[in-house]
Novice: 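Here it is: the structure, laid out below.
Quick note on labels: first sequence line is chain A, next is B, and so on, each numbered from 1. As the structure is a computational prediction, the values presented were derived from the model and not from experiment. Atom set for the values below is all heavy atoms of this structure, side chains included, hydrogens, waters and symmetry mates excluded.
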Amino acid sequence: MRKIRLAIAGLTACSGCQLSLLNCEDELPELVERFEFSFFPLACSPAELTGEYDAAMVEGCLSMPHEKELLLELRARSRYLIALGTCAVWGGIATLRNGENREQLRQLVYGQNPVADATFDPKSLKDLVQVDAGIVGCPPETAELLRLLAGLLRGALPEAIDYPVCTECNMREKLCLLLGQNKICLGLLTSGGCGAKCPSLSVPCEGCRGPALETNLEESFDVYARHGFDRLAVRGRLRRFCPEWLL
Amino acid sequence: MVARFLEISNLKALLNLLRQRGPVHGPLRGADGVVRFASLTRGVLPDLSASRTMLPPKKYLLYPRERILTYTDHEGYRVPAEPGLPLILFGVHPCDLAGVNYLDKIFLGDDPDPLYSARRARLILVGSSCIPDRFCSCHASPSPLQALSDLFLHTVDGGFILTSESACGDELLARMQSVLEECTMDVPEDTRRFFGSTDAVPVIAEPEATGPEWQECADHCLGCGACSVCCPTCSCFDVLEFGGLDGCSAERVRQWDNCLFKGHAQVAGGLSFRKDRAERFRYRYWHKYGGFGPLRDVVSCVGCGRCRVACPTGIDLRQLAGQLDKGGK
Amino acid sequence: MNSSIPVSAVISAIRPLAQDVSLYTLQTEPGNLAASSFLAGQFLELSLPGVGEIPVSYCGYPTKDGSIELCIRHIGHVTIPLKTSAAGNVVALRGPFGVGFPMSAYNGQDLVLIAGGLGMAPLRSLLLTLLARRKRYGKITVLYGARDAESLLFLDELLELQRQGAIALSLAVDRTDHGLANVPGCRIVLLPELLDQLAIDPGRTFAAVCGPPVVYPYLVSALQVMALPDDRIHLSLERRMKCGVGRCGHCAVGRYLCCVDGPVFSCAQLAGIEGALG
Amino acid sequence: MSNLMTINMLTRVEGHGSVELIRDNERVVDARLNMYESPRLFEALLVGRRFDEIADIACRICSICSTVHKVAALQAVEQAMGVTVSQKTTFMRELAVQGGQIESHALHIFCLVLPDYLGVNGFHELAAHAPEKLQVGLRIKKLGNLIQETVGGRAIHPFNLLVGGVGNMPGADQLYRLSEQLSGVCDDVTAVIEYICGRKEILPPLASTTGCAASGGPPLFGDCLITTDGQNIPASRAAVWLNEQVESHTNAKISRFDGNSSCMVGPLARLMVAMPPEYARYFPDTSIRSSLKARAVELKMAVERALLLIGHLRADGLKNEPPKKIVISKGEGASIVEAPRGSLLHRYRFDSHGICTAANIITPTAINQRTIARTLLELVNTMDGADYDQIKSAAEILIRCYDPCISCAVH
Ligand SMILES: Cc1cc2nc3c(=O)[nH]c(=O)nc-3n(C[C@H](O)[C@H](O)[C@H](O)COP(=O)(O)OP(=O)(O)OC[C@H]3O[C@@H](n4cnc5c(N)ncnc54)[C@H](O)[C@@H]3O)c2cc1C
Ligand code: SF4
Ligand code: SF4
Ligand code: SF4
């Protein structure tokens, strides 16, 4: 079987999606047999883009000009461009204060110095290029990552998940943290697929997988309000991983 | 029908005897207050007074997410082996028994589902009577479904009357002679032994194509999926296939689905046959009160009340049925 | 055979028919029921191992040697990876499923087959079935519309049958980029407009329709205008399906399940069902 | 000859960095580490958020170090709110941090650096070249992750660690399994030390640097920084002492300490500050090339410490307890935790509504920048006559000795 050629790159991010791949300790030796890690600066040298790729897997959001260049280059060279993780799909944590005056934010950190002034409000990959598929999660589930790779072996991309975290939480027969304990759990609005990881340990969902395929935001606000969280509080939370929530 | 009396103090002993046949599961209240069917290990008594468990017995027959086929280039598709241990489900309310009856109609028959039938064959059902609460509508269900069990416990003063309902039940009763007494009482009527009483109102309104009720329900629906996850008769499933990293193996998985999700009726290219939530809501209603295909006219709502309890916005299908009924007249 | 377990089959030939549509010939064991005993209009569930399973209509005629013809459009999760498969690759299948066209009712009758786009697939199977016992039936008319001339499937076969006088054929395309010189009689009209020039005897004619959901309402009303009774209009419907045997719950049409009560329905069955015709 | 030599896109390090070497005739006169990673402006993002969101957000600074970021942030927040957490919570956090230490060190040793020693380009080639080594490394790494999962709920961005406590205690069976597996790798980690210390050095010895590490608490924790030259800086003053400044060539702020002195943090620094006698023999040389040895030693120490902590937790009972109630108050808190790459400082100020009004995060890689640059300069000046590829390779190897985490440094 021909090895699948991969380019794995990180843009503005924490490397968590790439690390998730390296966290597939049991599978790494097998992955090496099926995939050519042709461009993967985090873990493999040298970092040179060569030829075409079966898939480019890109972590992180766009916030600097050189990242745009790299992304366009990867798009041009790859059959599939895959957004890896919530930052790449939705923008992620770095978008937390998008829409505010970025220069002021920059000055809050760097003062008057002109460092890092070329950055712009972080955007998801789809803002610049066509994205063929994505997996969400901050970080993504390693199981999903492995399925994605196994699919690539067959030329297949993952199917979209159409259920929210709540569904999985109920499937696991867990006490609803919102209804039962008045905790601000975002499971209602968040895309499932993590197995309700957090609520199943009694920790409210923070929405790290971004919006579910279909949500009923208005009605959800009412439910949250009945349990003591006003619109502002909920919006503040929703904002954590996805600027589009506020549209 | 054989009937025997069990003194309440003998319940533990009875469970011990049952355990000789296999693991016993029954309703248990967790530290978080949630009642679930769970393993009744030695010395643990079921919570027979709880109105309902969070998930119905279907979780033992169709797992929320399970592998239904494996594939290797060498052997093709195979049904994974299903361990043959019997499982005794203790304290199942009549509505849930009827729920199992409905699932049987879908998954058994001439061409049974391999995994379901293997699990069903080893499942021993011990029913128990209960007192409906304000969410229940079992007593008013016009469903032709039956609350079939192997043994049934009727709660009476000081204990239970056990009746055997199947050959397996006969055998169990025989085994448990040591803790049972001859029964001198009549089997009481009011312990809701049977799901669906005769004075039920069988009229279920045909859902009008349009109407404010639908839109109202749809507006409240969050699409969280809780209602169908907890429904004893909801059995829609999605099927996914995952290839192995070796490139030559695969597994096929089915997982519970929900007709209120956008993807439920969506086909390739994005076309959906039930685009808006009101349409999907009508679909759900139809399934519960009308039925599809071979199970047309089988009302599949067994009245357990779970969806009403689970819905974060309090949508009540039963109430909707009532409204539509009035509208229809 | 348990209908839940796909059996392996080998792709013996792949013939491109149009852009993104190919005819797959699968080889199963000789005598395999999925190959030898199905009715036109029925479907099978085709698995691409490691990728998924999809419902596909039979496109050919039952065979004893175990070969099966399927016409597949490459549009999604399963069908696009299928595009890269080659002769010799292994797939798997379950079936046949569903209710096909009511062949016995067609005895001695005229038939109008109306296909839109990929809808030709099941109708070709019906056509082959009719032609196998051509004498039993009266006039056979095929009305076929597609996006453009390049998308007309099995065009050579159809033209040849027309030439032999076995069928009457009318073709329509939405648009043309390369002209219609190679396609005698083809017009740039909408599919339902082909009915305008058709004369039928409503008392002895059946219409069999398969196409994209959007055209159904137009076709049906046009046929009704021609006084064809609803129980003489048969349609093949497409719905999301995950099991094929009436369990997964996705394919309901009104109170029918498309996979077991259909996919072929008469218009009379569908009367009054909201959304049935798309 | 050009006066500028650039090494673009460093590999096998976390984040995006490059190196510039500036020559004057034959001598390299300046070496610059350019962290061109895009800043997410975390310190600004955190301002305006409620106290109970701080750690969830801050841990996203870096995936490899997410557990320590989380713990450091939680401790700083709790200090500001005046809460003391239970012993059980402390053990859990410490265990999670040790899990992170194991994961990070194993990743570094086996996937990122061992290829240098064996002359290959990464784990992908190691798989063919030294599969048994990779297997051992991955097994240890996996165990580090398992610890983080068991305690934190998942390996990256742990969610089970909360302000005031933990969400859910692990089950006795989970901890039992963990301790079994940890016991199972004890021999492996001992062998790692022998293996690493037995390798021929690639780099020449370079001048040693002052080391700095947290002190005054259990391993990797503390309330102050102490240095090998005898300084002791309490957490509350640490930010001032570290004296971060902005320089134009890198997006990471650089610690200037006082004047032009530099200081090194990380495994080697930690051992220099407090060397367990049984390991002293491995460190006749404390120049930066010994850092891999230090990681190997720390790997073993982490496994041992984790075993001990699991013992404490099991003895303590695993009953869930609700997190400590927080009475929101105006305040300020600073906390230091040793991340795998060295001392990490989180410092926050909150208003009376519990809203963050100022955040300051100082990360080990940012602290190390000057030392990295200094040693780079020293290294390339020992390489007379070397060509670009040789210099590039040596420079990358040297930089990897610091295991820089550029996302952390820039944040
Ligand atoms: C009775 C019947 C006969 C069909 N006959 C043919 C045929 O002869 N040739 C052909 O090319 N196509 C046919 N289709 C449509 C074909 O099933 C879909 O094109 C196919 O399922 C798309 O799958 P996908 O995974 O590539 O697309 P995706 O969009 O990725 O679909 C994901 C999943 O949704 C379901 N799904 C999506 N679209 C459909 C659909 N239209 N119908 C049913 N399920 C769907 C499938 O389970 C599929 O696996 C038929 C459909 C039905 C119901
Ligand atoms: S706890 Fe959260 S995820 Fe679970 S049901 Fe409640 S809102 Fe949904
Ligand atoms: S429960 Fe929510 S926060 Fe937790 S992993 Fe899932 S989507 Fe992310
Ligand atoms: S169609 Fe809806 S109501 Fe019926 S089983 Fe499926 S999810 Fe439940």
Novice: Flag the pair D:Arg400 and D:Glu396 as a salt bridge only when some basic side-chain nitrogen lies within less than 4.0 angstrom of an acidic carboxylate oxygen.
Specialist: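 A salt bridge links D:Arg400 with D:Glu396.
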Novice: Could you tell me whether the side chain of A:Asp230 and the main chain of A:Leu232 form a donor-acceptor pair under 3.5 Å?
Specialist: yes
Novice: If you draw a 6.0 Å radius around NE2 in D:His129, do more than 12 non-hydrogen atoms from other residues or ligands fall strictly inside?
Specialist: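 Count not over threshold, so no.
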Novice: Between D:Tyr348 and D:Phe51, does the ring centre distance come in under 6.0 Å?
Specialist: no
Novice: Measuring heavy-atom distances to chain A, does D:Thr250 have an atom under 4.5 Å in its side chain, in its backbone, in both, or in neither?
Specialist: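 When you check distances to chain A, only backbone atoms of D:Thr250 fall under 4.5 Å.
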Novice: Where does D:Leu162 contact chain A at under 4.5 Å (heavy atoms): side chain, backbone, both or neither?
Specialist: side chain
Novice: Does a side-chain N-to-carboxylate-O contact under 4.0 Å join A:Lys197 and A:Glu141?
Specialist: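 Yes.
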Novice: Which answer fits A:Phe120, side chain, backbone, both or neither, if we ask what part of it has an atom under 4.5 Å from a heavy atom of chain D?
Specialist: neither
Novice: For A:Ser202, is it the side chain, the backbone, both or neither that has a heavy atom under 4.5 Å from a heavy atom of chain D?
Specialist: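 It is the side chain, since no backbone atom gets that close.
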Novice: Which atoms of D:Tyr36 are under 4.5 Å from chain A, going by heavy atoms: the side chain, the backbone, both sets, or neither?
Specialist: both
Novice: Per the side chain to side chain donor-acceptor pair (under 3.5 Å) rule, which among D:Glu43, D:Arg40, D:His69 passes with D:His411?
Specialist: D:Glu43
Novice: Any salt bridge between A:Glu67 and A:Lys123, counting N to O under 4.0 Å?
Specialist: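 No salt bridge links A:Glu67 with A:Lys123.
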Novice: Assess D:Lys133 against D:Tyr117: is NZ or CZ under 6.0 Å from the centre of the six-membered ring, and within 45 degrees of the ring's axis?
Specialist: no
Novice: Return the option, out of A:Thr119, A:Leu31, A:Thr95, A:Leu22, with the maximum number of heavy-atom pairs under 4.5 Å with chain D.
Specialist: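 That would be A:Leu22.
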Novice: With distance as the sole criterion, is a donor-acceptor pair present between the side chains of D:Thr365 and D:Arg341 under 3.5 Å?
Specialist: no
Novice: Given a strict heavy-atom distance threshold of 4.5 Å, which part of D:Ile57 is in contact with chain A: side chain, backbone, both, or neither?
Specialist: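 D:Ile57 touches chain A through backbone and side-chain heavy atoms alike.
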Novice: Looking at A:Arg102, A:Gln107, A:Gln104, which one has more heavy-atom pairs under 4.5 Å with chain D than the rest?
Specialist: A:Arg102
Novice: Using non-hydrogen atoms and a 4.5 Å limit, figure out which bit of D:Asn145 sits close to chain A: side chain, backbone, both or neither.
Specialist: side chain
Novice: Chain D heavy atoms under 4.5 Å from A:Ala233: which part of the residue, side chain, backbone, both or neither?
Specialist: neither
Novice: Given that the side chain runs from C-beta out, which part of A:Pro139 has a heavy atom under 4.5 Å from chain D: side chain, backbone, both or neither?
Specialist: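 For A:Pro139, heavy atoms of backbone and side chain both lie under 4.5 Å from chain D.
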Novice: Is it true that A:Asp54 and A:Arg2 make a salt bridge, defined as a side-chain N closer than 4.0 Å to a carboxylate O?
Specialist: yes
Novice: Which one of A:Leu105, A:Asp26, A:Leu96 has the most heavy-atom pairs closer than 4.5 Å to chain D?
Specialist: A:Leu96
Novice: List the steps, then state whether side-chain contact (heavy atoms from CB on, under 4.5 Å) holds for A:Phe35 with A:Ile8.
Specialist: CA-CA 12 Å; A:Phe35 297 89; A:Ile8 303 169; over 6 Å; no
Novice: When you check the side-chain N and O atoms of A:Arg5 and A:Thr50, is any donor under 3.5 Å from an acceptor?
Specialist: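 A donor-acceptor contact under 3.5 Å links the two side chains.
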Novice: Contact part of D:Val410 toward chain A, heavy-atom cut-off under 4.5 Å: side chain, backbone, both or neither?
Specialist: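 Both backbone and side chain of D:Val410 come within 4.5 Å of chain A.
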Novice: List the steps and the verdict of side-chain contact (heavy atoms from CB on, under 4.5 Å) for A:Tyr110 and D:Lys253.
Specialist: CA-CA 8 Å; A:Tyr110 292 106; D:Lys253 291 183 196 164; 4.3 Å; yes
Novice: What part of D:Leu107 gets within 4.5 angstrom of chain A, counting heavy atoms only: side chain, backbone, both, or neither?
Specialist: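 The side chain, not the backbone.
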Novice: Tell me, for D:Val120 versus chain A, whether the close heavy atoms (under 4.5 Å) come from the side chain, the backbone, both or neither.
Specialist: neither
Novice: Does any backbone or side-chain atom of D:Glu53 lie under 4.5 Å from a heavy atom of chain A? Answer side chain, backbone, both or neither.
Specialist: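 For D:Glu53, heavy atoms of backbone and side chain both lie under 4.5 Å from chain A.
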Novice: Under a 4.5 Å heavy-atom cut-off, does chain D meet the side chain of A:Cys138, its backbone, both or neither?
Specialist: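 Both the backbone and the side chain of A:Cys138 come within 4.5 Å of chain D.
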Novice: Is any NZ, NE, NH1 or NH2 atom of the basic residue among A:Arg147 and A:Glu144 found under 4.0 Å from an Asp or Glu carboxylate oxygen of the other?
Specialist: no
Novice: Counting heavy-atom pairs closer than 4.5 Å to chain A, which one of D:Gly122, D:Gly167, D:Ala44 comes out on top?
Specialist: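 Ranked by contacts with chain A, first place is D:Ala44.
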Novice: Given the options D:Gln245, D:Arg49, D:Arg60, D:Glu14, which has more heavy-atom pairs under 4.5 Å with chain A than any of the others?
Specialist: D:Arg60
Novice: Using the side chain to side chain contact (heavy atoms under 4.5 Å, CB included) rule, pick out the option among D:Lys141, D:Lys142, D:His108 that qualifies with D:Glu103.
Specialist: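 Of the listed options, the one satisfying the test is D:Lys141.
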Novice: Would you mind checking which part of D:Ala127 comes under 4.5 Å of any heavy atom in chain A, side chain (CB onward), backbone (N, CA, C, O), both or neither?
Specialist: side chain
Novice: Which of the residues A:Ala94, A:Ser15, A:Gly60, A:Cys24 is involved in the greatest number of heavy-atom pairs with chain D at under 4.5 angstrom?
Specialist: A:Ser15
Novice: Can you tell which part of A:Val109 gets under 4.5 Å to a heavy atom of chain D, answering side chain, backbone, both or neither?
Specialist: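 For A:Val109, backbone and side chain are both near chain D.
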Novice: For chain D, which candidate among A:Thr142, A:Ile93, A:Leu108 shows the most heavy-atom pairs at distances under 4.5 Å?
Specialist: A:Ile93
Novice: At a heavy-atom separation under 4.5 Å, does D:Arg139 approach chain A through its side chain, its backbone, both, or neither?
Specialist: neither
Novice: So for D:His16, is it side chain, backbone, both, or neither that comes closer than 4.5 Å to the heavy atoms of chain A?
Specialist: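 For D:His16, the side chain is the part near chain A, not the backbone.
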Novice: Heavy-atom pairs under 4.5 Å with chain D: which of A:Leu11, A:Leu28, A:Asn23 has the most?
Specialist: A:Asn23
